Visitor: 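Following this message is one structure expressed as structure tokens.
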Amino acid sequence: MTGKAVMVIGGGIAGIQSSLDLANRGYQVYLVERSPSIGGRMAQLDKTFPTMDCSMCILAPKMIDCSHHHNVKTLSYSEVKSVKGTAGNFVVTVLRKPRFVDETKCTGCGVCAEHCPVEVPNEFDEQLGTRKAIYMPFPQAVPRAMTVDKNNCIECGLCLKMCQAGAVDLKQQPREEEYNVGAIVVATGFDVFDASQIPTYGYGRYKNVVTSLELERLLCASGPTGGHLIRPSDGKIPRQIAFIQCVGSRDRRFGTTYCSSICCKYSVKDAVLIKEHEPSTAVNIFYIDMRAFGRGFQEFVNRAKSEYGVRFVRSSPGEILEDPASKNLRIWYEDTVAGRIENGEFDLVVLCPALIPSKGARELAKVLGAEIDNYGFFKASDILTSPVDTTVPGIFVCGYALGPKTGDIPDSIMQGSATAARVAEILERSV
Amino acid sequence: MSELDLNFMGEVADTPRGNGILLCIQCGRCSSGCPVARLTNEHNPRRLMEMVILGLKKEILPTELPWYCLSCFTCLDRCPQGGDVGDVMFAIRNLAVKNGNIPAGVFGQAKALYETTRVINPVRSALEKRESMGLGKLDNEGLTDVQKILKKTGMEKIVASK
Amino acid sequence: MTEEEPKVGVFICHCGVNIGGVVNVPEVVKYAKTLPNVAYAEANIYTCSEAGLASIKENIKKQGLNRVIVASCTPRTHEPLFRSTCREAGLNHYLFEMANIREQCSWVHKHQMERATEKAKDLVRMAVARATWLEPQEEPELDIKDTSLVIGGGIAGMTAALSLANQGFKVYLIEKEPELGGNLRNLSRLYPTMQETHEILDPAINAIKSSDKIETMLSTTVADAKGYVGNFKVTLATPQDKKDIEVGTIVVACGAANYTPPKGLYQYGVFQGVLTQMQLDEMLKHGKVDKAPERVVMIQCVGARKGEIRAMDLAGFPKSDTARLLSKILKAKKEEGWPYCSKICCMNAIKNALLVKEKFPKTDVMILYGDVRVYKEYEDFYSQAREAQVKFVKHIEEVPPEITQTPDGKLAVMAYDALSGQEINLPCDWVILSTPMIPHKEEVLLARMLKIPISSDGFLMEAHVKLRPVDTQTDGIFLAGAASGPKDVPETIVSAKAAAARAGTLMANKKMRTEALTSVVDEEQCIGCGLCEEICVYGAHYVEENVSHTIAALCRGCGACAAECPRRAISMQHYSDEQILSQVKAALTEES
Amino acid sequence: MKYAFFLGCLIPARELSYEVSVRKALPEFGVELMDMKGANCCAPFSIQSVDYDSWLALSARDLCIAEEMGMDIMTLCNDCYESLLMVNTLLKRKPELKDRTNAILSTVGKEFKGKIEVKNLVDVLYGDVGIAKVKNAIKEPFNGLKVGAQPGCHLTKPKRIHFELLRGFNELDSLVQATGAESIPYERKEMCCGGPLRDINDDLSRKVSREKLRALKDAEVQAVTTVCPFCFLQLDLGQLEVKRHFNEEYNLPVVHFIELLRMSMGMKLEDWEIKSHRIPITDLFKGRL
């Protein structure tokens with residue numbers, strides 16, 4: 001019965017929450033996820049603020065609830081191609097990209113990956129770690145199936161031979177499936193601003209200048225370094241670390257004039273984490289406004305200062321220079337409170353980049369006929385009164401697809417549940 | 001205790017090239033790159049913008065604060081808010097000149113321009129060298145035009161004042 | 001003791017390096033195999049991953065396990081996950097026990113690897129000991145009424161009520177004031193769109209009035225609340241009389257209050273021109289201003305972000321007279337105030353600054369701040385203010401601005417600009433104090449009645465700050481709007497719709513299972529002394545014909561009655577004395 | 001390729017060898033330099049500091065002369081280039097500024113239409129002539145001479161204007177490489193030479209040029225090449241001033257890029273040109289003078 005089916009596009013925490021609330025209510029949910037596994041950005045994080053919960057630990061149970069739920073059908077490694085119809089009766093064509101592995105047979109044992117000769121950088125680890133041509137992005141991936149990355153695969157067939165479950169099928173073809181749903185929820189999340197657009201910070205040229213998402217992977221137990229924070233250039237433990245805020249955010253030159261709302265908070269969290277790992281490390285946060293807003297965060301910043309000795313410098317640095325020999329970084333900045341121009345040497349610099357619309361979000365908006373705002377995020381039909389409705393009736397949006405209107409994870413979760421309410425409101429009335 | 005002028009920021013904002021003052025968020029990216037600011041604490045473009053916002057007109061216009069700037073535009077390229085610090089410095093200098101604060105060097109160049117259409121003129125030996133090289137004389141045919149323009153823009157008063 | 005012999009399966013988790021990096025997991029597995037009744041033991045890299053869960057299910061069937069132990073992390077996040085895995089394998093999920101060898105072992109003993117491994121063995125031994133005494137339990141099933149009570153008629157309560165009504169549920173909406181609207185009533189405009197408040201409130205109020213599913217009761221408060229999820233019995237105190245209603249779910253949308261500074265803080269209540277942002281907003285709304293002010297100074301974080309003097313980096317103090325300023329800082333005692341940043345006051349100050357500029361273009365508006373904490377796309381709103389020539393000055397917060405009055409009745413603010421080291425003196429007509437959103441005093445009573453915990457800063461506590469922001473510890477009760485913390489209008493509306501969704505989902509299912517973890521009375525032993533009824537905070541015991549009875553749905557399994565009962569007549573399902581004592585014995589037996 | 005040749009005022013006054021080298025070298029590439037009759041000063045930093053409208057009008061007047069000649073302008077000095085380019089760009093983009101300037105220009109019978117482009121020596125050599133042509137005009141390459149190229153601020157900044165023209169100092173670097181020399185990277189290459197503060201705050205001006213010289217010395221360059229006459233003055237004459245005031249010796253020979261190009265094309269520098277370099281260049285360029 002179409003009236004009781006909903007399609008959720010995007011398997012991040014917002015999409016998962018929306019799917020769970022809808023499924024628990026009796027709706028049939030089709031959860032479309034472009035990458036091989038649901039989990040989204042939250043799966044890449046190490047810990048979350050302010051409670052310091054391990055991100056995967058609070059996410060994995062929800063991912064498994066979602067995929068095991070009898071009302072949820074997860075369409076991973078798939079993309080929405082076209083949408084026809086109106087609220088209450090949409091017809092959506094979904095392209096099931098070939099993963100060259102039969103999901104039902106594969107147990108995710110990983111034997112094929114052991115024998116695969118091709119090793120390429122792993123997008124999940126922000127290119128810091130590597131994966132094979134046949135891979136699973138991270139251990140807790142859901143669905144638990146390998147995927148073959150055909151443009152790096154050399155068709156040697158070793159995986160086919162080694163797989164006892166006979167799950168590898170290198171001839172798999174893409175196929176399009178049609179789904180009839182009453183409503184659509186968009187939860188396509190965000191991508192990260194390319195920090196190399198600010199040449200004076202040297203991201204992409206200096207090895208030890210990393211983004212905060214790369215830092216999360218370095219700190220994460222399932223990350224490329226097993227949770228040990230080391231310098232990408234020589235693997236040493238960093239002694240002097242600098243966090244630089246507002247890289248791309250609050251910047252008119254790139255059209256990302258908004259504040260991404262979470263960078264101040266997660267950098268204090270990362271600073272405290274680093275201090276817990278290695279108390280002797282000096283951690284400095286360069287900020288313009290320390291935006292630790294909302295309950296519990298100012299106390300968190302005070303503790304970071306007094307208990308952990310994190311140094312906060314009110315300044316946005318002008319430039320970073322690399323010493324070619326030691327690959328250490330000299331940051332030129334003005335401590336605007338002391339009114340002094342200073343430069344300090346650091347062995348690791350973490351840039352906190354702006355969050356921008358995810359690749360493909362603009363095209364999806366065109367396919368759905370939904371308007372986007374001047375930053376490229378989905379436009380809420382009314383910022384104040386209907387914040388999770390798109391401009392198309394029957395299509396809703398939650399999570400960072402709404403852009404900076406979404407703050408951190410609790411906002412994504414609340415918006416996920418809110419879309420479930422909106423769907424129930426329009427589908428209850430029509431049935 | 002310094003006396004604050006309420007609408008000094010507005011005055012700078014309305015002066016040509018001065019609009020950037022309204023966008024400044026005091027982040028400090030401009031000052032850390034400024035070659036002069038690294039050499040002396042007297043000059044700090046960010047602090048100067050802050051003083052303009054506060055309205056410290058008497059601490060800026062009659063002093064040498066506006067005249068430390070090289071107009072090398074390093075600050076302008078780094079400003080994330082389109083604050084155009086380099087341009088605002090020109091606006092502040094225009095106001096300083098209106099207030100009678102003009103360094104001798106600048107006044108000299110302005111006077112030379114009014115009298116010879118050039119801010120820098122060759123000494124006699126250099127002139128003779130040019131003629132001997134057959135490069136011809138430096139022509140001043142545009143002088144009447146230059147003086148008419150300076151009359152129209154009112155800059156003539158400033159040049160003729162001293 | 002159940003009939004067949006207990007056959008225990010032990011699954012020990014590496015959790016990547018979190019456990020495996022400290023505890024020698026293979027050694028613990030080997031040790032587990034030697035324990036009594038242990039039929040199977042294995043290690044996994046991530047037991048919570050699908051591979052781990054698949055292995056548990058497989059071994060329950062293959063080894064015929066009737067007890068399962070997972071030695072990994074905290075039950076708080078993962079017990080439901082492992083329990084549902086046991087259920088899916090056909091095993092009653094109360095025959096399952098967790099040993100936390102991460103938070104209670106590897107994470108806290110990072111630098112003593114051998115002793116951590118020994119402790120992990122102890123914890124596993126204790127879990128196995130308890131497992132042998134575990135018994136299957138049946139979870140009571142409740143039916144859920146499809147009506148909901150929404151407490152609070154502000155924008156949050158109205159949004160939740162409308163959403164629930166649109167989802168087809170009957171709603172009681174109660175409001176303690178004689179009219180709907182809540183905090184927004186006395187605001188003139190709303191950021192970031194600067195819409196008039198009534199453009200938002202009136203449509204909502206009209207929709208509520210015209211909805212046949214919503215019964216609105218004004219000047220009404222909650223007198224008492226009993227019952228449990230699906231069957232709450234609430235007594236309402238209406239102006240005429242008391243009214244009893246039965247509802248399935250409750251949405252608490254009681255909003256928050258505005259902090260009024262104590263008399264004398266920044267001369268509030270002493271000088272006439274010192275006002276709060278709310279008072280300024282009201283003045284602008286009702287046009288009660290005769291002479292345009294020449295300058296308005298706003299001071300941020302009045303009564304917020306206090307608690308301890310912020311450890312600002314005083315070493316880098318600007319060149320003005322340091323000694324005199326340091327003495328002032330030490331004198332600025334720990335001001336009375338709330339520790340958190342209430343996140344709406346910066347935006348509210350900017351909105352009012354723009355309103356002042358709109359009404360009196362000549363007026364100079366200066367905002368003294370510590371950090372400008374606008375966020376999201378409100379940054380454009382902040383830029384809009386600067387372009388309207390509102391002046392933002394970061395002042396040294398350790399030296400609170402001093403307000404004095406000049407003979408002609410004007411005010412003067414003396415403060416220190418942190419970014420130019422200047423001591424500034426600002427003669428002005430009004431000083432506006434930006435104050436935070438703080439919890440209502442009545443909230444405490446409501447929270448006690450509904451058994452909702454209150455967090456350290458006084459707001460109602462959500463079940464999990466990250467993953468269940470609108471649920472509470474009590475099933476069936478949800479939070480909407482500023483009751484759980486300061487929120488702006490869009491966030492309030494999103495949280496209200498989320499609460500409506502969560503309540504709606506519960507009521508749509510009509511049935512619900514609750515924990516089997518409740519007290520059980522042995523009627524022969526019980527003498528009906530009523531001590532248990534007295535001690536029980538949740539009112540889950542009542543005495544009839546001098547025998548005590550448990551209301552399973554109300555009981556939270558805290559065990560107070562079992563401990564208090566002089567006749568030892570009460571025992572806790574799934575936490576019997578034998579189970580706990582066997583754990584204690586196991587803990588004390590020396591390593592053989 | 002014909003250009004309205006905007007000479008500026010510093011070169012004819014104090015750096016004749018720059019003008020002579022340009023007049024000798026560019027014809028080799030088929031570049032014709034037409035003198036701009038009655039051109040006035042480009043209104044650099046000092047004039048802009050005094051009055052905004054005068055800057056727009058004076059620069060626009062030169063642009064009009066070039067428009068009347070129907071050719072793009074070629075400047076040598078960075079200050080002229082920045083002033084003319086900024087005004088040309090501003091008037092083209094902002095109609096209200098164009099009208100405001102034309103109102104002033106009407107008193108001298110001129111009107112800005114915005115038909116021409118403003119280019120400098122690097123644009124002409126790299127953009128219009130092209131690296132290939134420059135390369136095969138080289139007769140005696142410098143095979144690996146370590147040269148520190150000083151682009152000068154207004155060759156590349158403000159990026160906001162130059163950004164669209166994708167100009168940067170790698171154009172100058174590739175031209176230097178074309179002569180066979182090696183363009184050595186050095187710290188703070190984008191930094192100013194301190195020129196504009198000359199006669200306003202000589203002490204600071206010297207301190208800035210000293211930082212520049214120190215960075216060049218640290219990079220162990222054998223010679224410095226400049227495009228802007230102000231940079232030349234600051235780094236060449238500046239070395240004497242730095243020696244007198246700070247008692248530091250750098251003896252880094254400084255040559256205009258066009259002189260380097262001439263020498264690599266086999267042309268000989270005349271005696272007076274060699275003497276016009278305060279830091280002797282004789283031993284570095286033996287056999288080429």
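Every chain is numbered from 1, with letters handed out A, B, ... down the list of sequences. Everything numeric here is computed off the predicted structure, so don't read it as measured data. The figures here come from the full heavy-atom set of this structure, side chains too, leaving out hydrogens, waters and symmetry mates.
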Visitor: D:E211 versus chain B, heavy atoms under 4.5 Å apart: side chain, backbone, both or neither?
Guide: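 Looking at D:E211, just its side chain touches chain B.
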Visitor: Using heavy-atom distances under 4.5 Å, tell me whether B:P103 contacts chain D through its side chain, its backbone, both, or neither.
Guide: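 Side chain of B:P103 only, per the 4.5 Å heavy-atom cut-off to chain D.
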Visitor: Between D:C42, D:S54, D:C192, which has the largest tally of heavy atom pairs under 4.5 Å with chain B?
Guide: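 Ranked by contacts with chain B, first place is D:S54.
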Visitor: Can you tell me how far the CG atom of D:D51 sits from the CD1 atom of B:I149, to the nearest 0.5 Å?
Guide: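 Spacing of CG (D:D51) from CD1 (B:I149) equals 11.5 Å.
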Visitor: Given that the side chain runs from C-beta out, which part of B:L70 has a heavy atom under 4.5 Å from chain D: side chain, backbone, both or neither?
Guide: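 Both parts, backbone and side chain.
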Visitor: Highest number of heavy-atom pairs under 4.5 Å with chain B: which of D:S46, D:P196, D:S205, D:S49?
Guide: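 Heavy-atom pairs under 4.5 Å are most numerous for D:S49.
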Visitor: Using side-chain heavy atoms (C-beta onward) and a distance below 4.5 Å, is B:L135 in contact with D:L16?
Guide: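 In contact.
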Visitor: Flag the pair D:C9 / B:Q109 as yes when at least one side-chain heavy-atom distance between them is below 4.5 Å, and no otherwise.
Guide: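 The answer is no; the side chains never approach within 4.5 Å.
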Visitor: Shorter than 4.5 Å, heavy atoms on both sides: which option in D:I65, D:D53, D:L204, D:N201 has the most such pairs with chain B?
Guide: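 Top count of heavy-atom pairs under 4.5 Å with chain B: D:L204.
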Visitor: Report which part of B:K129 has an atom under 4.5 Å of a heavy atom belonging to chain D: side chain, backbone, both, or neither.
Guide: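 Both parts, backbone and side chain.
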Visitor: If you look at every heavy atom in D:Y52 and B:P16, which pair is closest and at what distance?
Guide: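 Distance-wise, the nearest heavy atoms are CD2-CB, 3.2 Å.
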Visitor: Look at B:R130 together with D:E19 and state whether they make a salt bridge at an N to O cut-off of under 4.0 Å.
Guide: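 Counted as a salt bridge, because a side-chain N and a carboxylate O are separated by less than 4.0 Å.
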Visitor: Side chain, backbone, both or neither: which part of B:T40 has a non-hydrogen atom closer than 4.5 Å to chain D?
Guide: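 Just the side chain, heavy atoms under 4.5 Å.
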Visitor: Name the region of B:L127, side chain, backbone, both or neither, that has any atom closer than 4.5 Å to a heavy atom of chain D.
Guide: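 Nothing of B:L127, per the 4.5 Å heavy-atom cut-off to chain D.
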Visitor: Considering only heavy atoms, which portion of B:N121 lies under 4.5 Å from any heavy atom of chain D: side chain, backbone, both, or neither?
Guide: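 Contact with chain D involves the backbone of B:N121 alone.
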Visitor: Only pairs of heavy atoms separated by less than 4.5 Å count here; which of D:V208, D:D199, D:I200, D:L197 has the most with chain B?
Guide: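 Winner by heavy-atom pair count: D:L197.
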Visitor: Kindly say whether B:S71 contributes a backbone atom to a donor-acceptor pair with the side chain of D:H154 at under 3.5 angstrom?
Guide: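 Judged by distance alone, yes, a pair lies under 3.5 Å.
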Visitor: Name the member of D:V50, D:L58, D:D35, D:T107 that forms the most heavy-atom pairs with chain B at distances under 4.5 Å.
Guide: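 The answer is D:V50.
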Visitor: Find out whether B:M133 and D:R23 are in side-chain contact, i.e. whether some heavy atom of one side chain is under 4.5 Å from a heavy atom of the other.
Guide: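 Heavy-atom side-chain distance check fails, nothing below 4.5 Å.
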Visitor: What's the spacing between B:I120 CD1 and D:C41 SG if we round to 0.5 Å?
Guide: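 The distance works out to 8.5 Å.
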Visitor: Highest number of heavy-atom pairs under 4.5 Å with chain D: which of B:T117, B:I92, B:L150, B:T116?
Guide: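 Max contact count across the listed options: B:T117.
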Visitor: Does a side-chain heavy-atom distance below 4.5 Å link B:T153 with D:I104?
Guide: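 Sidechains of D:I104 and B:T153: in contact.
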